[in-house]
Colleague: 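I'd like to ask you about the structure that follows.
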Amino acid sequence: MIPVNEPLLDGNEKKYLAECIDTGWISSEGPFVRRFEEEFAVTVGRRHAIAVANGSLALDAAVAALGLQPGDEVLLPSFTIISCAAAIVRAGAVPVAVDADPLTWNIDTALIKSHITARSKAIMAVHIYGLPCDMNPILALADAHGLRVIEDAAEMHGQTYFGRPCGSFGDISTFSFYPNKHITTGEGGMIVTDSDALAEKCRSLRNLCFIPERRFVHEELGWNMRMTNLQAALGVAQLERLETFIQRKRSMGALYTELLDGTPGLQLPLAQAEYAKNIYWVYGIVIEDSLGLDAVEAMRRLGAAGVGTRPFFWPMNKQPVLNRMGLLKGVDCPVAERIARQGFYIPSGLALTETQIKTVAQKVRELIR
Ligand SMILES: *Cc1c(COP(=O)(O)O)cnc(C)c1O
């Protein structure tokens with residue numbers, strides 16, 4: 001079986017982990033945490049970085065830090081992971097889903113304006129799969145309507161938008177270091193911001209909102225979302241190789257495209273947009289309805305042929321848990337719904353070999369025939 005993802009851990013990971021064990025620093029108090037935060041902040045071009053336990057919690061803290069009120073609305077793409085909507089709902093706010101662009105699979109920026117109301121307070125911009133979402137129109141709308149911007153850059157380490165790093169846009173941005181992301185700490189996440197106040201708030205939320213004056217007395221409820229020194233040690237080692245990883249992802253994506261281009265009925269990821277070259281976090285494909293095949297059946301057949309796959313995200317407006325809460329009920333996002341039904345991604349991990357890529361492409365072409 002060709003796995004859908006396998007990370008590369010062949011740099012200084014072992015050395016730095018051994019350092020943690022040799023020195024006894026394994027908790028969040030260890031020195032790699034601070035070092036990872038500082039180096040990550042520099043990479044992204046932000047003043048502050050706050051390391052947390054995973055990317056979902058990074059979103060929880062980032063949204064909570066904005067201090068939204070019950071009933072405040074936050075716009076987000078329908079085509080994303082549940083973590084985005086969950087963070088909004090847990091903050092007491094209301095998610096408002098916007099449909100996807102059929103080519104980039106990101107939020108369709110032309111549709112955002114019609115979703116803005118008097119209760120809108122923020123836009124969550126999420127970069128999906130390999131191309132950033134089109135930030136300039138999003139920032140302009142946010143500016144015009146006084147909205148905060150949260151940028152979910154979980155899939156975009158090392159990517160840029162018109163040359164500026166993803167993770168440096170808006171009020172606050174988040175990352176994930178799950179093993180299928182460009183750099184991994186096993187589980188892990190990061191919040192980055194230029195705002196001293198938001199950074200301080202997130203640090204407090206990360207650590208149970210302890211107050212300095214009297215430990216164990218709390219004015220607010222936080223979480224324990226601290227990252228351990230062991231995770232941060234992996235992060236520092238992985239960050240050293242970010243450039244190499246990105247180049248590798250780009251050449252893997254280019255090879256897939258070369259091998260799959262022209263296959264009838266298959267939509268491949270765009271190689272580039274006006275503002276960025278694809279980074280191919282995952283190599284997604286969408287099967288045209290006319291082939292009479294949906295993603296579930298395609299993934300079943302590829303699995304039988306020894307190729308690991310994962311389905312695309314499922315639209316937020318079709319999430320049972322949200323609909324039962326009366327959220328996004330009856331909302332239509334036809335593009336997100338179609339690509340969710342017809343789309344999936346093929347093996348895209350950093351450890352994938354050229355031979356494996358050729359085999360996968362061959363199996364995909366056979367599937368379509
Ligand atoms: C992976 C991912 C997350 C969640 O990160 P975890 O570390 O798995 O919790 C959030 N948003 C996006 C866009 C992601 O791809």
Side-chain angles (χ1 to χ4, degrees), residues 4-5 7 36 40 44 49-64 74-91 95 97-98 100-101 104-107 122-133 135 138 149-159 161 166-167 169-170 172-192 202 205-206 223-228 231-232 234-235 238 249 269 278-284 310-316 319 336 339-340 343-345 348-350:
V4 76
N5 176 63
F36 186 34
F40 199 85
V44 182
I50 300 106
V52 293
N54 58 63
S56 302
L57 282 168
L59 282 165
D60 275 310
V63 176
V74 180
L75 296 100
L76 84 168
S78 176
F79 190 67
T80 187
I81 188 168
I82 191 71
S83 314
C84 299
I88 295 167
V89 174
R90 287 193 186 112
V98 180
D101 178 285
T104 66
W105 308 327
N106 276 305
I107 191 167
I123 304 182
M124 186 181 281
V126 188
H127 308 301
I128 302 290
Y129 293 169
L131 282 172
C133 50
M135 287 309 299
I138 294 174
V149 175
I150 308 141
E151 181 194 14
D152 181 353
E155 307 173 359
M156 290 298 126
H157 325 68
Q159 177 62 292
Y161 174 84
C166 290
F169 292 91
I172 192 161
S173 312
T174 62
F175 287 87
S176 162
F177 306 117
Y178 188 71
N180 65 357
K181 310 293 161 136
H182 297 126
I183 63 174
T184 183
T185 60
E187 298 283 350
M190 193 75 84
I191 305 158
V192 293
C202 288
L205 288 168
R206 167 178 74 172
W223 289 266
N224 173 0
M225 45 172 88
R226 302 183 297 256
M227 174 183 273
T228 68
Q231 291 167 298
L234 285 178
Q238 290 266 295
K249 280 273 183 174
N278 205 317
I279 202 174
Y280 303 103
W281 170 57
V282 293
Y283 197 93
R310 283 284 183 286
F312 267 17
F313 293 132
W314 198 249
M316 292 305 106
Q319 293 294 341
I339 63 179
F344 61 96
Y345 62 87
S348 311
L350 281 159

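First listed ligand is number 1; within each ligand, the first listed atom is number 1. Heavy atoms only: backbone and side chains are in, while hydrogens, waters and symmetry mates are out.
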Colleague: Is Val52 close to Trp223 at the side-chain level, that is, under 4.5 Å between some pair of heavy atoms?
Modeller: no
Colleague: Give the atoms of ligand 1, by number and element, whose distance to some non-hydrogen atom of Ile81 is under 4.0 Å.
Modeller: 10 (C), 11 (N), 12 (C)
Colleague: Are Val149 and Phe169 packed together at the side-chain level, in the sense that at least one heavy-atom pair is separated by less than 4.5 angstrom?
Modeller: no
Colleague: Taking all atoms of both residues into account, what is the closest heavy-atom pair of Ile279 and Lys249, and its distance?
Modeller: O-CB, 3.3 Å
Colleague: Under a 4.0 Å heavy-atom limit, does Asn54 contact ligand 1 with its side chain, its backbone, both, or neither?
Modeller: both
Colleague: Evaluate Ser176 for polar contact with ligand 1, using N/O atom pairs at a separation under 3.5 Å.
Modeller: yes
Colleague: Carefully, step by step, assess Ile128 and Thr80 under the rule side-chain contact (heavy atoms from CB on, under 4.5 Å).
Modeller: CA-CA 7 Å; Ile128 302 290; Thr80 187; 4.2 Å; yes
Colleague: For Asp101, enumerate each residue passing the salt bridge (Lys or Arg N to Asp or Glu O under 4.0 Å) test, keeping only those at least two apart in sequence or located in another chain.
Modeller: none
Colleague: Any luck finding a side-chain donor-acceptor pair between His182 and Gln238 under 3.5 Å?
Modeller: no
Colleague: At the 4.0 Å heavy-atom cut-off, does Ala58 count as touching ligand 1?
Modeller: no
Colleague: Flag the pair Tyr161 / His127 as yes when at least one side-chain heavy-atom distance between them is below 4.5 Å, and no otherwise.
Modeller: no
Colleague: Cys133 vs Ile138, test: side-chain contact (heavy atoms from CB on, under 4.5 Å). Steps then yes/no.
Modeller: CA-CA 9 Å; Cys133 50; Ile138 294 174; 4.0 Å; yes
Colleague: Please confirm whether Phe177 comes within less than 3.5 Å of ligand 1 when only nitrogen or oxygen atoms on both sides are compared.
Modeller: no
Colleague: Closest non-hydrogen protein atom to atom 15 (O) of ligand 1, residue and atom name please, with distance?
Modeller: Glu155 OE2, 2.5 Å
Colleague: In ligand 1, which numbered atoms sit nearer than 4.0 Å to a non-hydrogen atom of Gly188?
Modeller: 7 (O)
Colleague: Can you report which non-hydrogen protein atom sits closest to atom 11 (N) of ligand 1, along with the distance?
Modeller: Asp152 OD2, 2.6 Å
Colleague: Heavy-atom distances under 4.0 Å are what count here, so tell me which part of Leu57 touches ligand 1: side chain, backbone, both or neither.
Modeller: neither
Colleague: Can you check whether Lys181 has an N/O within less than 3.5 Å of an N/O in ligand 1?
Modeller: yes
Colleague: I need the atoms of ligand 1 closer than 4.0 Å to a non-hydrogen atom of Val126, numbered in the order shown.
Modeller: 13 (C)
Colleague: What's the shortest distance from atom 4 (C) of ligand 1 to any protein heavy atom, and which residue and atom give it?
Modeller: Ser56 OG, 3.6 Å
Colleague: Would you say that Trp281 contacts Ser348 through its side chain, given a criterion of any heavy-atom pair below 4.5 Å between the two side chains?
Modeller: no
Colleague: Could you list the atoms of ligand 1 found under 4.0 angstrom from a heavy atom of Ala154?
Modeller: 2 (C), 3 (C), 10 (C), 11 (N), 12 (C), 13 (C), 14 (C), 15 (O)
